[in-house]
Amino acid sequence: MSHLLALLLSALEPATALSLPDGPSLVVARRPSAAVTVIIQFRTGLEANREVLDLANASRVALLEANRALEPRALSEALFSADGNLSSYVSWNRTTYELTCAPAELDAVLGVVLPGLFKPKLDDARLAALLTHPLPWPFAGDDNDALGPFLVQHTPLERPPAAATVDLIKRHLGLTFTPANADVVVAGPVDVEALKRHLAPFTGGRRLETPRPLLVPSSSGTFLGLTDEHLVMMSFDRSKAQAMATLRVAVEALTQAILEPLRKQGNTYFIAVEPYVSTWTNLLTIVVPVGDSQRYDAKQMESASIEALKQGKLSNVDFEAARSRALAVWATRALDSVQTARCYAGAEGDERWCGPEAEVALHELTLEGFNRELSRFLGGAFGYRLRVTRGFLR
């Protein structure tokens with residue numbers, strides 16, 4: 001790690017969390033980054049589709065494409081001038097709008113975006129037109145955001161979901177897309193007081209506190225995706241910093257343990273081992289391309305790699321190498337406004353996962369502590385093994 005990078009990391013401070021009266025909650029993580037990222041999340045998501053077909057996605061799109069308070073031309077010009085970008089996506093219980101722009105242009109862009117999202121003026125004709133065409137599915141978020149419908153346990157519905165209509169979408173937006181039901185996360189070189197002034201005019205609605213969903217017990221299954229792959233998931237506990245540091249080191253150790261045998265066999269040169277931290281579940285995910293299924297058993301291969309770590313067979317040399325890689329990944333993301341904002345938004349402002357405390361925990365983690373924490377969450381019964389087959393995902 002360079003001296004300059006170490007100096008920048010040493011100066012990181014915990015995020016500032018504020019609750020604005022009758023308005024959104026605000027989390028600000030000041031970072032010395034080249035861009036500023038603003039994430040606005042409304043506390044509703046794919047769970048709304050249980051009542052009305054595709055209600056979550058239709059509502060997400062409506063604010064961008066059927067809203068007179070957020071005209072496409074004015075928005076495009078503001079983003080172009082600010083070297084900015086605005087994307088949106090839906091997870092199980094959140095609808096997210098993510099804005100990135102140059103710090104000097106933040107005031108101007110917020111002056112366009114905030115009124116559009118918090119005081120929308122829906123156009124019934126444009127909204128009706130949206131419903132006559134297939135809605136674009138939001139791929140901007142985490143790949144695992146689409147898993148909610150497969151992992152969340154439901155009670156049977158008495159009647160099928162209703163079809164989306166203009167009135168149903170407007171009602172949903174009026175109840176859930178309100179300032180009081182929003183969380184705003186900002187990362188970058190920003191002024192907290194200026195952000196408070198920007199958000200102060202936007203009040204109203206009520207904050208919806210929904211319980212965490214009940215997840216389907218350990219299971220296996222098949223669903224459609226964009227690529228053919230095996231997906232393994234295990235839940236983890238992020239209640240303390242040491243457990244989360246263990247997770248970060250385990251990601252690096254598992255990547256090497258799983259990838260190396262596959263590479264030697266010529267089966268694949270890519271796997272993805274990643275933590276998925278969200279407001280509704282926390283998972284360690286392992287994605288392996290299916291490749292030639294006759295040449296290896298993915299289930300056996302993954303189990304052998306996981307079991308070796310679970311039994312404490314990682315050498316001290318490999319542990320130190322994995323911890324070093326985990327620290328490098330953390331440092332890179334901690335100084336990136338997009339990664340920082342997404343971390344705080346997904347982890348509900350958890351400093352133990354996103355703030356300087358996470359780096360301290362990585363430095364203090366020992367092989368003994370790693371083995372103890374890892375066996376705890378790898379030994380849990382909660383997990384999934386899914387086969388993703390190529391197909392159209394809606």
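Pairs of residues two or more places apart, or lying in two chains, that qualify as ring pair (Phe, Tyr, Trp, His ring centres under 6.0 Å) and include a residue from residues 98-133 are Phe42-Phe118, Phe118-Phe202. Residue pairs meeting the salt bridge (charged side-chain N to carboxylate O under 4.0 Å, His left out) criterion with at least one partner in residues 328-338, sequence neighbours excluded, are Glu274-Arg333.
Within a 6.0 Å radius of CD in Gln311, other residues, nucleotides and ligands contribute more than 12 heavy atoms. Surrounding CD of Glu209 are more than 12 heavy atoms belonging to other residues, nucleotides or ligands, all under 6.0 Å away. When the shell of 6.0 Å around CG of Asp83 is examined, it contains 12 or fewer heavy atoms from other residues, nucleotides or ligands.
Annotation for Ile169 and Ala58: closest pair CD1-CB, 3.6 Å, computed over non-hydrogen atoms. Across all non-hydrogen atoms, the minimal contact from Asn49 to Ala56 is OD1-N, 2.9 Å.
Classification of Glu307 and Lys313 as a salt-bridged pair fails, no side-chain N sitting under 4.0 Å from a carboxylate O. A salt bridge does not link Arg197 with Asp107: none of the charged nitrogens is closer than 4.0 Å to a carboxylate oxygen.
Asp124 meets the salt bridge (charged side-chain N to carboxylate O under 4.0 Å, His left out) test with Lys170; sequence neighbours excluded. Applying the side chain to side chain contact (heavy atoms under 4.5 Å, CB included) rule to Ser337 yields the partners Ser33, Ala35, Thr37, Ala187; only residues at least two apart in sequence or on another chain are considered. Cys343 is linked by a disulfide bond (SG atoms under 2.5 Å apart) to Cys354, counting only residues two or more places apart in sequence or in another chain. Evaluation of the salt bridge (charged side-chain N to carboxylate O under 4.0 Å, His left out) rule for Arg126 yields Glu71 as partners, not counting sequence neighbours. Take Glu158 and apply the side chain to side chain contact (heavy atoms under 4.5 Å, CB included) test, not counting sequence neighbours, and it matches no residue. Applying the side chain to side chain contact (heavy atoms under 4.5 Å, CB included) criterion to Glu364, with sequence neighbours excluded, gives Val360. Considering only residues two or more places apart in sequence or on other chains, Lys196 meets the salt bridge (charged side-chain N to carboxylate O under 4.0 Å, His left out) condition with Glu193. With sequence neighbours excluded, no residue satisfies ring-ring contact (aromatic ring centres under 6.0 Å, His included) with Tyr97. Listed by chain and number, the residues in a side chain to side chain contact (heavy atoms under 4.5 Å, CB included) with Glu320 are Asn316, Arg323 (sequence neighbours excluded).
There is no side-chain donor-acceptor pair under 3.5 Å between Glu348 and Thr279. Checking Asn282 against Arg238 by side-chain atom types alone, a donor-acceptor pair falls below 3.5 Å. No side-chain donor-acceptor contact under 3.5 Å links Asn85 and Thr100.
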Donor-acceptor contacts under 3.5 Å from residues 241-253 side chains, at least two apart:
residue	atom	partner	partner atom	Å
Thr246	OG1	Gln242	O	3.0
Arg248	NH1	Trp353	O	3.2
Arg248	NH2	Trp353	O	2.7

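Using modelled atom types, no side-chain atom of Glu359 and backbone atom of Glu357 make a donor-acceptor pair closer than 3.5 Å. In this structure, the side chain of Arg60 does not engage the main chain of Thr95 through any donor-acceptor pair within 3.5 Å. Put simply, the side chain of Asn181 gets close to the backbone of Thr176: a donor and an acceptor are under 3.5 Å apart. The backbone N or O of Arg372 lies less than 3.5 Å from a partner atom in the side chain of Ser375, making a donor-acceptor pair.
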